[in-house]
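Written below as structure tokens is the structure these notes are about.
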Amino acid sequence: MSSTSQFVAIRLENHVLFIRLNRGERKNALSHDMYWTIADAIAGADQDREVRVILIHGSDVCFSSGNDLANFFNQDPGEYPEALALRFIDTLLNARKPIIAAVAGVAVGIGATMLLHCDLVFAADNSRFKLPFTQLGLVPEAASSLLLPRLCGHQKAMELLLLGESFDAETAVEIGLVNAISHESVVAHGKAVALRLAKLPPQAVQATKRLLREPLRSAIREAHDREQQYYIDALDSAEVAEALAAFMEKREARFD
């Protein structure tokens with residue numbers, strides 16, 4: 001299996017499906033087409049016996065700056081449930097094969113919350129994470145309102161989600177979002193771990209993932225659905241309109 005879209009490169013090597021975000025000039029901001037390409041690849045991997053592990057990565061200097069806000073700004077809000085990130089998140093929630101993420105540079109918004117659904121996450125020492133939802137007039141996504149407090153506790157999750165300030169790789173390890181920091185090439189490190197995992201008995205690996213994930217599946221789905229309802233309601237709000245206008249106009253937002 002090997003394919004390439006404009007901004008996502010996909011290849012299969014030694015039972016590892018590599019999904020590379022390849023939009024460096026926009027810091028791998030995720031567009032509508034990118035969401036669907038990645039979701040198709042993950043869903044296809046679950047049906048392909050040749051795929052045992054999935055590795056998602058960018059370059060050694062950038063993972064993802066999150067949702068492409070210019071794309072978001074021009075999207076009809078009423079189309080959001082069918083477009084943009086929903087199917088991508090659903091595919092992550094339902095993936096049977098283990099997913100590894102190799103993160104370098106920025107991991108913002110969905111570039112960070114998607115890591116909560118990866119099974120192993122490695123970060124370069126130059127990584128910076130950010131959850132800027134309230135700053136955009138929005139709410140947490142991808143069941144992060146449930147999963148982040150489970151990782152780091154209520155107060156720390158509130159700090160990260162309410163204030164939306166960036167944090168480094170060391171903090172990401174401390175709160176349990178990241179397994180370890182790579183001081184060399186994080187993509188090479190992620191590949192090495194993925195190849196090790198791919199040599200293990202695949203049924204045992206998938207069963208282990210299922211056993212760890214299954215007890216929380218219903219709660220994750222419910223949290224995700226609650227977030228989406230708040231998200232959809234927020235899209236019609238004056239706060240979101242002002243936040244996105246300020247972003248596009250490169251000025252400070254004003255909330256009266």
Side-chain angles (χ1 to χ4, degrees), residues 7-11 16-31 34-35 37-39 41-42 45 53-69 85 88-89 91-93 95 97-133 140-144 147-148 150-152 156-157 160-161 164-198 209:
F7 299 124
V8 180
I10 301 168
R11 64 183 176 87
V16 177
L17 186 69
F18 293 83
I19 301 176
R20 176 177 179 173
L21 310 180
N22 195 27
R23 197 187 183 194
E25 73 282 0
R26 294 294 303 277
K27 295 184 179 179
N28 290 334
L30 296 172
S31 66
M34 292 173 72
Y35 282 124
T37 300
I38 299 167
I42 295 172
V53 183
I54 299 166
L55 175 62
I56 302 175
H57 65 95
S59 68
D60 278 323
V61 296
C62 181
F63 184 64
S64 175
S65 59
N67 191 31
D68 183 341
L69 288 182
F88 170 69
I89 295 172
T91 306
L92 285 174
L93 291 178
K97 307 290 177 71
I99 300 175
I100 299 174
V103 178
V106 295
V108 177
I110 198 165
T113 57
M114 66 177 287
L115 304 177
L116 294 166
H117 303 285
C118 295
D119 303 294
L120 295 170
V121 180
F122 302 103
D125 49 16
N126 68 345
S127 299
R128 300 293 299 182
F129 304 82
K130 187 177 176 68
L131 303 165
F133 303 113
E141 64 188 5
S144 57
L147 296 174
L148 195 59
R150 287 181 61 88
L151 281 182
C152 61
K156 188 64 177 180
L160 298 176
L161 290 169
E165 296 175 346
S166 65
F167 55 98
D168 58 19
E170 286 79 8
T171 300
V173 171
E174 289 173 6
I175 68 174
L177 183 64
V178 166
N179 290 84
I181 298 172
S182 173
H183 298 286
E184 302 297 333
S185 167
V186 71
V187 176
H189 182 79
K191 178 179 178 179
V193 175
L195 291 172
R196 283 173 52 199
L197 190 56
K209 171 171 178 169

Could you check Leu21 against Leu30 for side-chain contact (heavy atoms from CB on, under 4.5 Å), going step by step and ending with a plain yes or no?
CA-CA 9 Å; Leu21 310 180; Leu30 296 172; 4.3 Å; yes
Would you say [X]'s side chain and [Y]'s backbone share a donor-acceptor pair under 3.5 angstrom?
X	Y	result
Lys97	Ala45	yes
Ser166	Lys130	no
Asn28	Arg23	yes
Lys191	Val16	no
Arg11	Phe18	no
Lys27	Cys62	no

Do [X] and [Y] have side chains that get closer than 4.5 Å, going by heavy atoms?
X	Y	value
His117	Leu147	yes
His57	Ile19	no
Pro98	Leu197	yes

Working to the nearest 0.5 Å, report the span between [atom1] of [X] and [atom2] of [Y].
X	Y	atom1	atom2	answer
Ile110	Glu141	CD1	CD	4.5 Å
Leu160	Glu165	CG	CD	9.0 Å
Ile38	Ser64	CD1	OG	8.0 Å
Ile89	Met114	CD1	CE	10.0 Å
His189	Asp60	NE2	CG	12.5 Å
Ile42	Ile99	CD1	CD1	4.5 Å

Intermediate values then yes/no, side-chain contact (heavy atoms from CB on, under 4.5 Å), Leu92 and Leu116:
CA-CA 10 Å; Leu92 285 174; Leu116 294 166; over 6 Å; no
Can you give me the closest heavy-atom contact between [X] and [Y], atom names plus distance?
X	Y	answer
Met34	Ala29	SD-O, 3.3 Å
Ala107	Ala112	O-CB, 3.5 Å
Ala41	Ile10	CB-CD1, 3.5 Å
Ala194	Val53	O-CG2, 3.8 Å
Val186	Ala104	CG1-CB, 3.9 Å
Ala157	Cys152	N-SG, 3.6 Å

Which is it for Ser31 and Asp68 under the side-chain hydrogen bond (donor to acceptor under 3.5 Å, both in side chains) test, yes or no, and what are the steps along the way?
CA-CA 5 Å; Ser31 66; Asp68 183 341; 5.6 Å; no
Matching residue for Phe129 among Ile175, Val106, Val178, Thr113 - test: side-chain contact (heavy atoms from CB on, under 4.5 Å)
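Looking at Ile175, Val106, Val178, Thr113, the match for Phe129 under the side-chain contact (heavy atoms from CB on, under 4.5 Å) is Val178.
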Flag if over 12 foreign heavy atoms under 6.0 Å of CD, Glu25:
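For Glu25, atom CD is crowded (more than 12 foreign heavy atoms under 6.0 Å).
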Test Ile100 against Phe122 for side-chain contact (heavy atoms from CB on, under 4.5 Å), laying out the working first.
CA-CA 8 Å; Ile100 299 174; Phe122 302 103; 4.0 Å; yes
Take Val121 and Leu177, measure what side-chain contact (heavy atoms from CB on, under 4.5 Å) needs, and give me the verdict at the end.
CA-CA 7 Å; Val121 180; Leu177 183 64; 5.8 Å; no
